Amino acid sequence: MLDVNTIRDQFERHYGIHPHLMVRAPGRVNLIGEHTDYNDGFVFPAAINRATYVAARPRDDNLVHVVAVDLGDEDEFALDRIERSAAHPWSDYIRGVAKGLLAAGHSLDGANLLITSDVPRGSGLSSSAALEVATGYAFQLLNRLNILGEELALLAQGAENSFVGVQSGIMDQFISALGRRDHALLLDCRDLSYRPVPLPPDAQIVVCDSHVERRLAGSAYNERRQECDEAVRLLKQWYPKILALRDVTVAQLHAHEGDLPELVCARARHVITENDRALRSVAALESGDVAAFGRLMNESHASLRDDYQVSIPEMDTLVAAAQRVPGCYGSRLTGAGFGGCTVSLVQAAAVTRFKADVAAAYQSATGRATTIYVCRASDGVGRALPE
Ligand code: GLA
């Protein structure tokens, strides 16, 4: 956890005066339900105890000045003329959120911001969602806006979709805004209804970073979305009422697997079976069957690797090594894929051995080091300093 006193001192050094407020928004790990959010499906993420912090103070003009401590960089823009920044691409997340708030009819005053984070960047732990949600919440408090967590999540997603250009779903921003300590949220991405589910007290969420950097903005993510749209278009021939892959059952897909082009069929199979796994795994967890939950995590990884094809050999190595450790319930890639992190659910007593075994196996198979984070499910966005 970052130290709020240090962040306050950094703010004072830059701006010559103390911040008015400080907020934090967490990164996330998704336990199951991958690449289902933009198919109106189900996800089961938890917010983690790593977060992006924004210290802020209002200004009496319409400028937003931002210091990005971790990048050693600064940027400034005027609220009446928000465009993308080629010189400071990181600032697009902040610009996009401000623009979204204004477009939604909220009025904003200028602000001095200072940002720092311990969510690793580009690792698939949603550092960008944490930045968007933290920024949005800072603006909300500074300008005394009345915005619900769900609305904040949608605004932050909007910033990513339209301003940064990644067609991501709602999962990351939603859990960063609405996460609950010691719980994961079963979220229905169609109507945004959700249910917090307590995590087993004797199991730990262990994240392993492959250190292969993801390129979410790369074409592959948006390509998968198009393939899903194509699957819906084709499946409508037999099921005219479906709006998204969420509406197709496993049995309905099986009935027409032979009629679909192979690639589109594989993509649809992942999404449809993953929705089914997400619901079954949460039911297993709620009935105390952690082992069944873990087996479904393993199946999820196989489906992401073989049908959705978003894994890479390094992540497969991490997952296989994890699955071999006694006391590991299950392991899979988490987030968009193409690099980034895996998530494993591990018996508390087995974590030390897990870390040693997985690190050694990864090193010997790939020549790379992994960084392993034992995470605690945390609350969503909030104040980092009391008022
Ligand atoms: C990224 C996106 C999410 C989601 C996941 C895959 O994290 O931002 O919306 O689609 O990939 O499950």
Side-chain angles (χ1 to χ4, degrees), residues 25-48 50 52 92-93 96-97 119-133 150 153-179 184-190 192 194 207 209-210 213-229 244-246 267 270-275 277-278 281 297 300-301 303-305 307-312 315 332-343:
R28 67 97 188 89
V29 62
N30 187 23
L31 296 177
I32 197 161
E34 212 67 83
H35 288 279
T36 46
D37 61 352
Y38 52 83
N39 290 294
D40 278 2
F42 299 93
V43 294
F44 192 52
I48 57 173
R50 289 182 162 263
T52 295
D92 284 346
Y93 297 99
V97 168
V119 185
R121 274 190 308 278
S123 283
L125 299 176
S126 293
S127 57
S128 56
L131 173 57
E132 292 151 5
V133 171
E150 287 84 343
L154 286 164
L155 273 165
Q157 182 203 10
E160 180 123 3
N161 288 177
S162 52
F163 215 69
V164 183
V166 180
Q167 296 308 309
S168 52
I170 187 63
M171 169 170 71
D172 305 345
Q173 292 81 6
F174 196 94
I175 190 68
S176 183
L178 288 152
L185 301 191
L186 174 63
L187 169 65
D188 179 337
C189 298
R190 169 161 281 166
L192 300 189
Y194 65 97
V207 167
D209 192 339
S210 68
E213 200 175 329
R214 288 181 28 252
R215 285 269 159 257
L216 186 61
S219 55
Y221 184 91
N222 291 348
E223 213 173 87
R224 292 296 181 286
R225 284 199 73 142
Q226 285 162 13
E227 288 159 357
C228 291
D229 291 345
L245 286 178
R246 139 72 173 277
R267 304 298 192 243
H270 165 70
V271 173
I272 294 166
T273 58
E274 184 76 355
N275 272 328
R277 277 187 293 272
S281 66
M297 289 176 80
S300 166
H301 184 76
S303 174
L304 287 159
R305 180 191 61 210
D307 278 343
Y308 219 59
Q309 296 182 301
V310 292
S311 191
I312 55 169
M315 303 186 93
R332 52 184 291 281
L333 72 79
T334 187
F338 308 107
C341 291
T342 64
V343 59

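Order of appearance sets the numbers: ligands from 1, and atoms from 1 within every ligand. Side-chain atoms are counted along with the backbone in the values below, which use heavy atoms only and exclude waters and symmetry mates. Nothing fancy with the numbering, it's 1 onward along the sequence. Quantities reported herein were computed from a predicted structural model and do not represent experimental measurements.
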Quiz item: Nearest heavy-atom pair of Gly33 and Asn30: which atoms, and what distance?
Solution: O-ND2, 2.8 Å
Quiz prompt | For Met171, atoms of ligand 1 separated by under 4.0 Å from a heavy atom | solution = 4 (C), 5 (C), 12 (O)
Self-check item: salt bridge (Lys or Arg N to Asp or Glu O under 4.0 Å) against Arg277, all qualifying residues, sequence neighbours excluded
Solution: Glu274
Quiz item: Do you know which of Ile272, Val271, Thr273 makes side-chain contact (heavy atoms from CB on, under 4.5 Å) with Ser303?
Solution: Thr273
Quiz prompt | Residue list, salt bridge (Lys or Arg N to Asp or Glu O under 4.0 Å) with Asp307, at least two apart or on another chain | solution = Arg269
Quiz item: Going by atom types alone, do Ser126 and Arg28 pair a side-chain donor with an acceptor below 3.5 Å?
Solution: yes
Quiz item: Which is closest to atom 9 (O) of ligand 1 in terms of heavy atoms, Asp37, Leu125, Leu333, Asn161?
Solution: Asp37
Exercise. Measure the spacing between CG of Asp40 and CG of Asp188 and express it to the nearest 0.5 Å.
Key: 8.0 Å
Quiz prompt | Atoms of ligand 1, numbered as shown, that sit under 4.0 Å from any heavy atom of Tyr38 | solution = 10 (O)
Quiz item: Taking N or O atoms only and a 3.5 Å limit, does Glu34 qualify as a polar contact for ligand 1?
Solution: yes
Quiz prompt | Asp172, any N or O under 3.5 Å of ligand 1 N or O | solution = yes
Self-check item: Atoms in ligand 1 flagged as close to Ser168, the criterion being non-hydrogen separation under 4.0 Å
Solution: 2 (C), 8 (O), 9 (O)
Quiz item: Which of the atoms of ligand 1 are close to Gly169, meaning less than 4.0 Å from one of its heavy atoms?
Solution: 9 (O)
Self-check item: From Ser311 atom OG to Leu333 atom CG, the distance as rounded to the nearest 0.5 Å
Solution: 5.0 Å
Exercise. Tell me which part of Arg28 gets within contact of ligand 1: side chain, backbone, both or neither, using heavy atoms under 4.0 Å.
Key: side chain
Practice problem: Run the numbers for me: atoms of ligand 1, each under 4.0 Å from some heavy atom of Tyr221, listed by number. | Solution: 1 (C), 2 (C), 3 (C), 4 (C), 9 (O), 10 (O), 11 (O)
